[in-house]
Amino acid sequence: MSAGLLVAAEPRRIRGGAGGVRFNRPRRRSEQTVWIPEALYRGNHFNDEAVAVYIKVAALDARRSFPGARPDTDPCTARVSELATMLGMSPSAVERGLTPLNRPGLDGSEPWLFTKQRTHQGGDGQSAKRYARLVPRDQAALEVPVRVAEALTPRRLRAWLHLARATAKGLPVTAAELAGELFHHTGKHAGEPLSEKTGYRLLDELEAAGWLALGRRAGHRGRHAVTVNAHPLHPVAPLAADNHDGVALASGGGSLASKEDHSLTTDGRAGNLEIRRRRDSGSYRPRAVENVAGPTFRRAAQDEKRSNDQAGTYRGPGLQLSPRVWQVLEPVRTELPGIQTWVLRRIGQEIGEQLSAGVGAERLTTRLLTRYSRLTARGPAAESARRGDVGRWILGAGLPRHGCRLPSCEDGITWATRERCHLCANIAAAEASAIEESRAQQPAAAEAPPEPPPPVRPPTTWLPMPRPEPGPAPPGPDEREQLRAAATDDTVRQALAELGAPAAIRLYGRALVLPHLATQHDEGTTA
């Protein structure tokens with residue numbers, strides 16, 4: 001047992017080591033939860049059985065690993081058969097789940113479980129002790145109820161965990177994305193993700209079991225809203241132990257005896273099960289049902305048309321419209337070639353319904369011509385309608401009648417007399433009078449008092465700028481001759497220090513100043 005796992009096995013050492021783990025609180029079986037890291041159920045490093053086994057072992061080890069536990073508290077001591085009974089799995093499936101959990105991680109990290117074998121003094125076997133490594137706080141984890149692992153199969157449990165993570169983070173999940181997170185772990189497709197069809201089936205099974213609430217077309221932009229439940233919405237029958245892997249604990253996941261006795265059926269009746277029929281032929285062919293879910297979570301049927309461009313061209317029946325419908329569509333005949341077939345059929349149905357209701361073809365033609373002329377008169381609007389499908393514009397804006405509740409009203413004009421509709425006029429007058437009454441009932445706003453005039457600014461007085469005081473006049477030629485005649489080395493050096501080289505040269509001349517400058521330069525270089 002390595003030093004890192006020894007720290008994880010002792011609760012007091014864990015707590016004294018800065019407490020950087022997520023503790024599993026020991027509770028009743030129906031209320032207990034366990035922290036499970038994302039490294040276990042994301043990716044294909046651990047199989048589906050390992051996820052369920054870790055949850056159950058961590059729950060049984062919570063009494064020892066929780067802070068404040070007694071020193072003599074035992075970890076998980078359940079046998080493999082007992083774990084299989086509690087999880088509804090076969091013993092071989094539990095063994096397959098324990099194998100990767102007892103191995104170090106790909107990055108050299110400690111294993112998530114450590115098994116310590118025990119024997120009696122006489123040599124008889126005894127149940128092993130299993131220690132669960134707690135999840136560090138700096139790792140992404142999910143707190144899940146233990147009853148989920150006991151009620152769901154390993155694959156459904158892993159799908160439920162992915163949906164719970166997506167729900168907690170507010171991420172929309174489709175069936176294809178869910179299937180891409182689940183992988184095959186055995187067979188020739190090991191390491192490959194599941195098919196999209198399997199993702200649909202898992203969603204339907206979780207919804208039927210009550211662990212998932214699927215709001216079809218209730219999400220953002222028509223997507224299905226997924227709500228994960230911590231407990232089933234209705235009672236779930238207990239799952240029987242999955243014994244399809246064999247009857248023994250062989251290394252390959254079961255015994256080599258795989259030949260079945262076909263003389264009896266599952267209910268004890270004699271029969272011959274050698275004859276099998278393909279699921280897609282005869283009476284086993286799936287019945288045609290209504291596709292309620294839509295193409296997001298359910299695959300479209302073979303004869304179902306799709307509106308996206310990737311589904312190919314339209315394969316429905318040919319277009320058949322009556323001459324009256326073509327007469328109504330005469331104002332927009334130039335736009336008809338660009339309209340899809342099924343949209344054009346819907347336009348024909350709308351025109352036929354209005355013609356059957358008593359609306360004349362001339363009235364529909366005039367209505368469509370008037371509105372299409374207004375649309376084309378505005379260039380940007382017409383171009384926007386063409387980009388957004390003219391067929392939808394015809395259905396939503398070109399054909400609907402505008403006016404009051406009278407059938408004879410057409411945009412506020414009576415169609416038979418070409419006069420203004422009296423009901424529309426009364427409605428407009430009533431609205432105008434209501435507006436006037438509301439304005440009259442409102443109290444008149446008091447006039448604001450006039451603002452005081454701004455204070456008069458004093459005149460600006462500009463003061464003349466004082467002239468600079470005259471400085472001492474520079475020495476004349478006679479004075480310079482006297483200074484040079486009476487100059488000494490100390491006087492020249494003092495002038496250099498106080499006035500600078502240019503002023504000293506103007507007073508004493510270059511012949512007296514330059515030797516002192518050279519001397520200063522040599523002294524500075526030597527220093």
Side-chain angles (χ1 to χ4, degrees), residues 174 176 216-224 288-413 415-416 418:
T174 61
R216 304 183 185 276
R217 298 297 182 186
H220 181 60
R221 293 186 177 180
R223 298 172 68 94
H224 299 277
V289 297
E290 183 182 0
N291 188 3
V292 182
T296 301
F297 280 103
R298 193 182 300 277
R299 190 184 301 275
Q302 184 177 1
D303 56 347
E304 180 185 359
K305 59 180 179 292
R306 302 184 182 183
S307 59
N308 54 359
D309 298 337
Q310 301 178 357
T313 58
Y314 176 77
R315 299 181 180 180
L319 180 63
Q320 296 179 0
L321 299 177
S322 63
R324 296 189 306 168
V325 175
W326 289 115
Q327 179 183 355
V328 173
L329 294 177
E330 179 65 22
V332 293
R333 66 181 184 276
T334 57
E335 304 288 351
L336 298 181
I339 302 177
Q340 299 180 2
T341 305
W342 67 274
V343 178
L344 193 58
R345 179 178 287 104
R346 182 67 188 89
I347 294 174
Q349 295 174 358
E350 179 66 23
I351 295 175
E353 292 177 359
Q354 295 195 28
L355 292 176
S356 301
V359 182
E362 181 183 359
R363 181 176 176 180
L364 285 178
T365 305
T366 305
R367 179 190 304 171
L368 191 59
L369 176 61
T370 303
R371 297 177 183 176
Y372 184 70
S373 301
R374 296 174 183 173
L375 181 68
T376 54
R378 297 173 301 196
E383 187 65 24
S384 177
R386 289 187 177 90
R387 289 198 304 266
D389 192 353
V390 181
R392 290 186 294 176
W393 176 86
I394 295 175
L395 285 173
L399 293 177
R401 184 182 66 88
H402 297 167
C404 62
R405 65 174 181 270
L406 297 179
S408 59
C409 180
E410 183 72 26
D411 291 337
I413 303 297
W415 174 255
R418 301 299 193 276

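Because the structure is a prediction, the values reported are computed rather than measured. Computed over heavy atoms, backbone and side chain alike; hydrogens, waters and symmetry mates excluded. Quick note: residue numbers are just sequence positions, from 1.
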> Does the pair Val390 and Val332 meet the rule for a side-chain contact (heavy atoms from CB on, under 4.5 Å), with working shown?
Replying inline: CA-CA 9 Å; Val390 181; Val332 293; 5.8 Å; no
> Is a donor on one side and an acceptor on the other found under 3.5 Å between the side chain of Arg324 and the backbone of Ala361?
Replying inline: no
> Between Arg367 and Gly398, is there a donor-acceptor pair closer than 3.5 Å when you use the side chain of the first and the backbone of the second?
Replying inline: no
>> Exactly one of Leu364, Ile347, Thr365 should register a side chain to side chain contact (heavy atoms under 4.5 Å, CB included) with Leu329. Which one does?
In response: Ile347
>> I'd like to know whether Thr370 forms a side-chain contact (heavy atoms from CB on, under 4.5 Å) with Asp411, so could you lay out the CA-CA distance, the side-chain angles of the two residues, the decisive distance to 0.1 Å, and finally the verdict.
In response: CA-CA 11 Å; Thr370 303; Asp411 291 337; 5.8 Å; no
>> Nearest 0.5 angstrom please: Leu336 CG to Glu330 CD, how far?
In response: 9.0 Å
> Are Tyr372 and Glu335 close enough, and set up right, to give a side-chain contact (heavy atoms from CB on, under 4.5 Å), and what steps lead you there?
Replying inline: CA-CA 11 Å; Tyr372 184 70; Glu335 304 288 351; 2.9 Å; yes
> If you draw a 6.0 Å radius around CD in Glu353, do more than 12 non-hydrogen atoms from other residues or ligands fall strictly inside?
Replying inline: yes
>> Keeping Gln354 on the side-chain end and Arg401 on the backbone end, is there a donor-acceptor pair under 3.5 Å?
In response: no
> Distance from Ser408 atom OG to Ile413 atom CD1, nearest 0.5 Å?
Replying inline: 11.0 Å
>> How long is the straight-line distance from CG of Leu395 back to CG of Leu344, given to the nearest 0.5 Å?
In response: 9.5 Å
>> I want to check a possible cation-pi pair here: Arg418 against Trp415, using under 6.0 Å from ring centre and within 45° of the ring axis as the test.
In response: yes
> Which value, rounded to the nearest 0.5 Å, describes the distance between Ser356 atom OG and Ile351 atom CD1?
Replying inline: 11.5 Å
>> Would you compute the distance between atom OG1 of Thr366 and atom CZ of Arg371 and round it to the nearest 0.5 angstrom?
In response: 11.5 Å
> Of the non-hydrogen atoms in Cys409 and Gly403, which two are nearest, and what is the gap between them?
Replying inline: SG-CA, 3.8 Å
>> Nearest 0.5 Å, please: how far is CD in Gln340 from CZ in Arg392?
In response: 9.0 Å
